Amino acid sequence: MRAQNSATAADPIAVAATPPQEPHATAPAERSASRRGTLLASLGVVAFSLTFPSTVWGLESFGPWSLVAVRSVLAAVIAGGFLLTLRVPLPERRHWASLLVVAGGVVVGFPLLTTLALRTSTTSHAAVVVGLLPLTTAAFAAVRTGRRPSRTFWAAALAGAAVVLGFTLGQSGGAPSTGDLYLFGALLVCAAGYTEGGRLARLMPGWQVIGWALVMCLPLGVIGAVFALMAEPVRPSVQGFAGLLWVAAGSTFFGLYVWYRGMAAIGIARASQLQLAQPLLTLVWSVLLLAEPLSPAAPVAAVAVLVCIAVTQRANT
């Protein structure tokens, strides 16, 4: 369907020759595409929700710089293997700048800043701070794409962000810590990467967007891994290597693959609101996988955030 739309848009004769489609024929297809996009974006959120617990596991065996560098290299090898096997052509030169933004924000910036933050912040605390990512992404998308979500959308998004921020400040004693500053920086670079990646996912398959972004970072990742592994000792453990494998293959490749496909189907702003559930899922994983104590305020925040998700999904974006 997408290929046909692009072909007819480029060929006026094809447009004139194509009979108009009945509304009742296109509406079910649009609803199906929307449901599929929501499912894919939701799978991405589940994959991302395991990132912080997996990072904590990875830090048991690697230093922060080593973990990020090796993670990037492994993910790039996986992506490069798929690109070579399927003989995917190089992206057009006009897309390189956007791919660099994706690489800098999603492949390098966000993993590095959050890993540095997790040296001093708990997984649950970091997860709630990163809960501001949907609002940040929606703001970037509004500026970058020129789209203006409805007032209802913004009201629900701001309410969700307020819940997340209040929960965070309550847990940290009312003042942001050094780890919080790392996390706020991660929000900005990741939102920029998500926005550019979402735009590119409308022009090429989402897995190719993250695939080429990872490959572009491979030389830097290899150099960084060599120096980081020489400077930071490696302490082998099953959990440490399991965490590394997940953040490389699960979060960085699979998660971003389904996430960008979902964003291309339902839009950047709406997809970003699904991430309001991410900190709540991470709280669950932090209890189950890391045995971190769960704050009494977490269930209240969970209900409030889920209400905000429901409102934003029904709002006209």
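Model, not experiment: these values are computed from the prediction.
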Please name the pair of heavy atoms, one in [X] and one in [Y], separated by the smallest distance, quoted to 0.1 Å.
{"X": "S49", "Y": "L281", "value": "CB-CB, 3.5 Å"}
{"X": "A79", "Y": "G211", "value": "CB-CA, 3.7 Å"}
{"X": "V215", "Y": "A76", "value": "CG2-O, 4.2 Å"}
{"X": "L290", "Y": "P53", "value": "CD1-CA, 3.9 Å"}
{"X": "E60", "Y": "S237", "value": "OE1-OG, 3.9 Å"}
{"X": "A186", "Y": "T114", "value": "CB-CG2, 3.8 Å"}

Flag the pair [X] / [Y] as yes when at least one side-chain heavy-atom distance between them is below 4.5 Å, and no otherwise.
{"X": "V247", "Y": "V68", "result": "no"}
{"X": "T55", "Y": "W246", "result": "no"}
{"X": "V234", "Y": "S66", "result": "no"}
{"X": "F62", "Y": "F241", "result": "yes"}
{"X": "L289", "Y": "L50", "result": "yes"}
{"X": "F110", "Y": "V130", "result": "yes"}
{"X": "S286", "Y": "F52", "result": "no"}
{"X": "C217", "Y": "V108", "result": "yes"}

Is there a continuous path of hydrophobic side-chain contacts, each under 4.5 Å between heavy atoms, that joins [X] to [Y]?
{"X": "V45", "Y": "Y194", "answer": "yes"}
{"X": "L188", "Y": "L113", "answer": "no"}
{"X": "V56", "Y": "W285", "answer": "yes"}
{"X": "V129", "Y": "V284", "answer": "yes"}
{"X": "V226", "Y": "I223", "answer": "yes"}

Requested in this report: Decide side-chain contact (heavy atoms from CB on, under 4.5 Å) for L244 and S61; before the verdict, give the C-alpha distance in whole Å, the side-chain angles of both, and the deciding distance to 0.1 Å.
Outcome: CA-CA 9 Å; L244 170 63; S61 295; over 6 Å; no

**Report entry** ring-ring contact (aromatic ring centres under 6.0 Å, His included) involving F227 - partner list, sequence neighbours excluded
**Finding:**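 Once residues adjacent in sequence are excluded, F227 has no partner under the ring-ring contact (aromatic ring centres under 6.0 Å, His included) criterion.
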
Query raised in the report: Does R151 count as lying over the ring of W154, i.e. NZ or CZ under 6.0 Å from the six-ring centre, within 45 degrees of the axis?
Result: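 No; the conditions do not both hold, so R151 does not lie above the ring face of W154.
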
Query raised in the report: Should the ring pair F82 and F253 be called parallel, tilted or perpendicular, given that the plane angle runs from 0 to 90° and is split at 30 and 60?
Result: parallel

Value rounded to 0.5 Å, distance of [atom1] in [X] from [atom2] in [Y]:
{"X": "M216", "Y": "L100", "atom1": "CE", "atom2": "CG", "result": "3.5 Å"}
{"X": "L90", "Y": "H95", "atom1": "CG", "atom2": "NE2", "result": "12.5 Å"}
{"X": "E292", "Y": "T122", "atom1": "CD", "atom2": "OG1", "result": "5.0 Å"}
{"X": "F254", "Y": "I210", "atom1": "CZ", "atom2": "CD1", "result": "13.5 Å"}

Query raised in the report: Yes or no on side-chain contact (heavy atoms from CB on, under 4.5 Å) for L183 and D180, after CA distance, side-chain angles and deciding distance?
Result: CA-CA 5 Å; L183 293 169; D180 291 331; 4.1 Å; yes

Report summary line: Residue set satisfying side-chain hydrogen bond (donor to acceptor under 3.5 Å, both in side chains) with T115, at least two apart, ordered chain then number -> none

Query - Criterion side-chain contact (heavy atoms from CB on, under 4.5 Å) on L200 and E196, from CA distance to verdict - result: CA-CA 6 Å; L200 283 179; E196 288 301 313; 5.6 Å; no

